[in-house]
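Each remark here refers to the structure printed beneath this line.
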Amino acid sequence: MPLIRSSAAELANLMATGEASSVEITRASLDRIAEVDGEVHAFLHVDAEGALAQAAEVDRRRAAGEELHALAGVPIAVKDVVVTRGLPTTAGSRILEGWVPPYDATLVTRLREAGLPILGKTNMDEFAMGSSTEHSAYGPTRNPWDLGRIPGGSGGGSAACLAAYEAPLAIGTDTGGSIRQPASVTGTVGAKPTYGGVSRYGLIAMASSLDQAGPCTRTVLDAALLHSLIGGHDRMDSTSLDAPVPPVVEAANRADVSGMRIGIVKELTGEGFQPGVQKRFEEAVQHLVDAGAEIVQVSCPSFRYALAAYYLVMPSEVSSNLAKFDAMRYGLRVLPEGIDDPSAEQVMAATRDAGFGDEVKRRIILGTYALSSGYYDAYYGSAQKVRTLIADDFARAFEVADVLVSPTSPTTAFPFGDKMSDPLSMYMQDIATIPANLAGVPGLSLPSGLADEDGLPAGFQILAPAMKDERMYAVGSALEKRLHAAWGGPLLARVPSLVKEA
Ligand code: GLN
């Protein structure tokens, strides 16, 4: 099998047995990027020289007999909302064009120390706001399954680079679904850990109480391996959990669901979900029954208000977090036209007008309004109360079920332009993923098959209680095994080969 088609775990084995070096593997990824990224546009920045230097260094360490991390030498792509020392970081926005951070996010430090060559930075909706990557200031990423369709968002680049075989691993961030929904529509795997499970230090904040970084991969085991590498306490993040990383790798390897109670959430299935997506979901549930799991039906009535609560809490935090882009310290600075001696406020206004896209402005305005005196209680305060109700619904559901399941995204990948004129229809993409962010619980998406209507990937979501992340890996891995057996191999083996045979 060509190197670029191998999973991270397979690549790790090849390096351990001396059948391939990190330099060879990294070069294969870089060649593939050179070959197809003109079409896919998963990357905003590629660091060939830096990646190859890191690969050579890890090969040297291995040759010297050093003890290395399981993923040492496996190249990785990083979403452009994560700061990387010496590598441009824009969060998909004009306002940060050309900015080169002076420090690394904690998770990047962990990648570097473990010896994972960083291939480059992936495209995304501006400041992680969107579900299609069409809101990137640098043009959209295309879905490798159909170049006329969206790769999901906001982390479309991190998902598309996996599906196009440009990288075996990627980092994403998930505030309302931006790891899981792109995974769903590209036939890849994505996991949002428990809130606080992975350090947020060095993530450019969107909504701090919801943001969580996590793994984007092609297999459930790879996601577990990457999760356990980037997870764990960080004193630089005051919301970081001071607890060991859940035993996710062990759970993924065991892939055992016998006796597990799997809850189907009534509010997250059926009406509103594309028939082919719903059908693949139901078949996947049957596979879990065959593997020995027990199915229970649960109801989470407050989930119907999740989207509304999210679109108050999230923009409120956005309006505060994005106030720092003020043209004074770093990033873009635009001088207002026709003003001789502009004040700081006039420079800020001109810069923010030119530097932010429409969706970002929409959310800043919404959030500023929701937080304004006189409206705070009615909007932000009510949304926070709904948030508590949603957490209560989860707590009740997890009394009768070990994990909850649903389709990840209500539809398969839609064509470019389909939802750009109707923000609400774009927001609906996250109907099933947002509750997890509001409650801080972990969620994982893996492919459930191709929908009959359009032959495009559908996603299966698994939600677990906070700090029980291992459960979603156990269920995901067991399901993946059965699905691969049914399909005769991974779903991604069927992705169109793009430029030429990979
Ligand atoms: N699509 C959702 C939004 O636009 C989620 C984004 C995210 O998870 N970063 O807010």
Side-chain angles (χ1 to χ4, degrees), residues 78-82 91-93 122-136 140-141 150-159 170-186 190-193 195 198 200 203-216 306-319 321-322 356-367 370 383 387 408-411 413-414 418-420 422-445 459 461 463:
V78 178
K79 189 176 179 183
D80 204 33
V81 74
V82 180
S93 182
T122 58
N123 197 15
M124 54 182 284
D125 286 297
E126 185 175 5
F127 287 107
M129 301 175 194
S131 300
S132 68
T133 317
E134 292 168 288
H135 294 303
S136 168
T141 295
I150 60 101
S154 64
S158 282
I171 294 290
T173 61
D174 191 309
T175 302
S178 286
I179 289 176
R180 290 163 287 159
Q181 183 259 5
S184 178
V185 300
T186 58
K192 179 197 96 70
Y195 181 77
V198 175
R200 287 187 299 107
L203 306 196
I204 297 173
M206 176 179 168
S208 312
S209 76
L210 304 162
D211 296 344
Q212 188 54 211
C216 305
L307 204 64
Y310 174 82
Y311 276 95
L312 286 168
V313 172
M314 174 273 296
S316 297
E317 295 188 23
V318 161
S319 82
N321 275 326
L322 269 57
F356 288 141
D358 288 349
E359 184 62 24
V360 173
K361 287 177 185 157
R362 177 180 296 128
R363 296 191 191 199
I364 291 172
I365 292 168
L366 260 172
R387 199 170 176 179
T408 309
S409 168
T411 70
F414 49 86
D418 221 30
K419 302 189 191 294
M420 284 298 268
D422 179 6
L424 282 182
S425 75
M426 186 79 88
Y427 300 169
M428 291 297 285
Q429 280 290 304
D430 294 309
I431 191 95
T433 49
I434 279 173
N437 300 82
L438 288 170
V441 306
L444 179 147
S445 178
Q461 176 175 242
L463 304 167

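Remember, it's 1-based here, ligands and their atoms both numbered in the order they're listed. Hydrogens, waters and symmetry mates are skipped; everything else that's a heavy atom, side chains included, is used.
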Does the plane of the ring in Tyr427 sit parallel, tilted or perpendicular to the ring in Tyr311? Use 30° and 60° as the thresholds. parallel
Atoms of ligand 1, numbered as shown, that sit under 4.0 Å from any heavy atom of Asp174: 8 (O)
Residue-level breakdown please: for Ser154 versus ligand 1, do any non-hydrogen atoms fall below 4.0 Å on the side chain, on the backbone, on both, or on neither? side chain
By number and element, which atoms of ligand 1 are closer than 4.0 Å to a non-hydrogen atom of Tyr310? 2 (C), 3 (C), 5 (C), 6 (C), 10 (O)
Exam field: side chain Gln181 to backbone Ser131, donor-acceptor pair closer than 3.5 Å: yes
Side chain to side chain contact (heavy atoms under 4.5 Å, CB included) between Val81 and Leu203: does it pass, once the steps are laid out? CA-CA 6 Å; Val81 74; Leu203 306 196; 5.5 Å; no
Distance to 0.1 Å, residue and atom name: give those for the protein heavy atom nearest to atom 7 (C) of ligand 1. Ser178 OG, 2.3 Å
Tell me the nearest of Ile179, Leu307, Asp430, Val81 to atom 2 (C) of ligand 1, using heavy-atom distances. Asp430
Report the C-alpha separation of Asp125 and Met206 in whole Å, then their side-chain angles, then the decisive distance to 0.1 Å, and conclude whether the side chain to side chain contact (heavy atoms under 4.5 Å, CB included) test is met. CA-CA 12 Å; Asp125 286 297; Met206 176 179 168; over 6 Å; no
Taking distance alone, with no angle check, do Gly177 and ligand 1 share an N/O pair under 3.5 Å? yes
Numbered atoms of ligand 1 (with element) below 4.0 Å of Ser131, judged on heavy atoms: 1 (N)
Closest candidate by heavy atom, reference atom 4 (O) of ligand 1, pool Arg180, Glu359, Arg363, Gln212: Arg363
How about Ile150 and Thr133: do any of their side-chain heavy atoms sit closer than 4.5 Å? no
Just by distance, with hydrogens left out, do Thr408 and Ser445 show a side-chain donor and acceptor under 3.5 Å apart? yes
Answer with side chain, backbone, both or neither: which part of Phe127 has a heavy atom less than 4.0 angstrom from an atom of ligand 1? neither
Report, in ascending order of atom number, the atoms of ligand 1 lying under 4.0 Å from any heavy atom of Gly176. 5 (C), 7 (C), 8 (O)
Does atom CE (Met420) have a neighbourhood of more than 12 heavy atoms from anything else shown, all under 6.0 Å? yes
Just let me know how Met206 lines up against ligand 1, side chain, backbone, both or neither, with a heavy-atom cut-off below 4.0 Å. side chain
I'd like to check Met129 versus Leu322 (side-chain heavy atoms, cut-off strictly below 4.5 Å). Are they in contact? yes
Does any N or O atom in Gly130 lie less than 3.5 angstrom from one in ligand 1, N or O only? yes
Contact partition for Tyr427 relative to ligand 1, non-hydrogen atoms under 4.0 Å: neither
Check: Glu126/Ser93 side-chain N/O donor and acceptor closer than 3.5 Å: yes
In terms of atom number and element, which parts of ligand 1 are under 4.0 angstrom from non-hydrogen atoms of Ala128? 6 (C), 7 (C), 9 (N)
